[in-house]
Protein chains: 2
Amino acid sequence: MARPVRTFVVIGHRAVTAPNFSLDDVPGTSGRLDVLLRCVAAAFVLSHGIRRDTEAYLILLGPPDPPRTVWIQGERLRHLNPDERTTAALFKKALALQPSGTAWLQSTPGIAVNKMKLDQVLERLKGRDLVLLEEGGQDVQLWKPGPNPVFVVGDDKGFTDHEIAAVRKAGAQQVSVGPLALHADHCITLLQNHLDRTVGPSPFSMAP
Amino acid sequence: MARPVRTFVVIGHRAVTAPNFSLDDVPGTSGRLDVLLRCVAAAFVLSHGIRRDTEAYLILLGPPDPPRTVWIQGERLRHLNPDERTTAALFKKALALQPSGTAWLQSTPGIAVNKMKLDQVLERLKGRDLVLLEEGGQDVQLWKPGPNPVFVVGDDKGFTDHEIAAVRKAGAQQVSVGPLALHADHCITLLQNHLDRTVGPSPFSMAP
């Protein structure tokens, strides 16, 4: 890997896998895709640019045709706005594509989609420092990350037993972000800040 | 003051002061009220409830009739959703009211509006630990907050010279949240987490 990369894997247990949700009511019509949209903003958006050293895999497991994995690469992204609605429109474009397996179909620059499951995403990220974000894990402020960490984050439903087992089997350590249970996007904000303070922002992290 | 309170004061320099913005394009029609809506979510929303120990003053300075200050009290709030659109609808209700001075008009439970300016909001919060969030300030992780801190946070435009002077004159210390410039809502998430870790969440902070 040429550059340090921060990777977030977020599982949307009910998040829809077709583009026919309403932009006027994303929380009510998309299986809470709004949770994932806020995770995207937390992972990528800086005050004056996009985090080029970050990527995210959003694993959507809702109807009608799960799974869909949306892969977002900060290095290639253009025009990511911080608001939920415009990111929802980008997801609509990604979900309008019909991937057949693990080949990536690009919808817009830096955003691609395929049909990978969690196990396949973990296999793809094999060899990197894997972190399961969970209550009761080691306090993130006491944890010294390696240069290329991969964080697995649950949505508002947390994780299934199978997911926890799969991530642990892949060698994950468990980390928590504080004494209260927070939304996934707030956890990602805290993790990015911890990386900024420890590993440090990479030189290209603030490129516009 | 009976209970520990965490207060956030956020200034929306262009944020509209009338309810005629479009819920379908909040960033484009409201003077970036969306920035403030995300601040509200960061300040109040927990995974399983609302932060009852938090309040916020959103000072709106955009057309047609500035200022409007929207006061949100966690203790009294009902039904605050984490998504931007439903919070935008709550702001529409607040901005439909016609306050004439510093008397609060309640629009929905826990949300009220008046015509206070920044100086008046600072006067109202006099005597409490005042913190100006600004790049170059003391690192928040090295700062030990008192039990009732007040944070003044800028929107995407930062602060005017007059605002900085007014907040400093009121006795503020300057604090920053990390090495990169972040959006206001991400700063608030980091501040709340720091308070959770130092002052500690108050016993009622997680009441649903």
Side-chain angles (χ1 to χ4, degrees), chain A residues 22-28 30 32-35 37-38 41-49 51 81-89 135 139-141 154-158 177-202 205-206, chain B residues 22-28 30 32-35 37-38 41-49 51 81-89 135 139-141 154-158 177-202 205-206:
Chain A
S22 166
L23 290 178
D24 296 343
D25 182 13
V26 176
S30 69
R32 296 308 306 278
L33 189 63
D34 62 305
V35 174
L37 303 175
R38 288 190 292 276
F44 290 101
V45 175
L46 288 168
S47 190
H48 306 295
R51 290 185 184 267
N81 291 328
D83 71 296
E84 289 167 31
R85 191 183 169 97
T86 53
T87 306
E135 289 176 65
D139 182 355
V140 68
Q141 289 190 2
D155 62 1
D156 57 312
K157 291 295 181 190
V177 293
L180 295 181
L182 303 180
H183 278 261
D185 59 320
H186 296 165
C187 293
I188 290 173
T189 296
L190 293 164
L191 292 168
Q192 287 284 37
N193 183 255
H194 184 63
L195 295 178
D196 293 343
R197 290 169 171 276
T198 51
V199 179
S202 63
S205 67
M206 298 216 296
Chain B
S22 166
L23 290 178
D24 295 343
D25 182 14
V26 176
S30 70
R32 298 308 307 276
L33 189 63
D34 61 304
V35 174
L37 303 175
R38 288 191 291 276
F44 291 100
V45 175
L46 288 168
S47 191
H48 307 294
R51 290 183 184 269
N81 290 327
D83 72 295
E84 289 168 31
R85 190 184 171 97
T86 52
T87 306
E135 291 176 63
D139 182 355
V140 68
Q141 289 191 3
D155 63 0
D156 57 311
K157 293 292 181 192
V177 293
L180 296 181
L182 303 181
H183 278 261
D185 59 319
H186 296 165
C187 294
I188 290 173
T189 297
L190 292 163
L191 292 168
Q192 286 284 37
N193 183 254
H194 184 63
L195 295 178
D196 292 342
R197 289 168 171 277
T198 51
V199 180
S202 62
S205 68
M206 298 217 294

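Because only heavy atoms are used, hydrogens play no part in the values below, and waters and symmetry mates are left out as well, while side chains stay in.
Scanning all heavy atoms of the two residues, the minimum distance from B:Pro82 to A:Arg32 falls at CG-NH2, 3.7 Å. Between A:Leu46 and B:His183 the shortest heavy-atom distance is O-NE2, 3.2 Å. Smallest separation of non-hydrogen atoms from B:Pro179 and A:Asp196: CG-O, 3.5 Å. Closest non-hydrogen pair, A:Arg51 versus B:Leu182, comes out as NH2-CD2, 3.8 Å.
In this structure A:Asp139 satisfies the salt bridge (charged side-chain N to carboxylate O under 4.0 Å, His left out) test together with B:Arg197, sequence neighbours excluded. By the side-chain contact (heavy atoms from CB on, under 4.5 Å) test, B:Ala88 is found to be paired with B:Phe21, B:Leu23, B:Val26, B:Leu37, residues two or more places apart in sequence or in another chain being considered.
A salt bridge links A:Asp24 with B:Arg85: the closest approach of a Lys/Arg side-chain nitrogen to an acidic carboxylate oxygen falls below 4.0 angstrom.
Chain B forms more heavy-atom pairs under 4.5 Å with one residue of A:Asp156, A:Asp34, A:Val45 than with any other, namely A:Val45. In terms of non-hydrogen atom pairs under 4.5 Å with chain A, the most contact-rich of B:Thr189, B:Asp185, B:Ile188 is B:Thr189.
When heavy atoms are compared at a cutoff of 4.5 Å, A:Asp83 approaches chain B by way of both its backbone and its side chain. With a 4.5 angstrom heavy-atom cutoff, A:Pro27 touches chain B only via side-chain atoms.
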*Stepwise side chain to side chain contact (heavy atoms under 4.5 Å, CB included) check, A:His186 with B:Gln192*: CA-CA 10 Å; A:His186 296 165; B:Gln192 286 284 37; over 6 Å; no

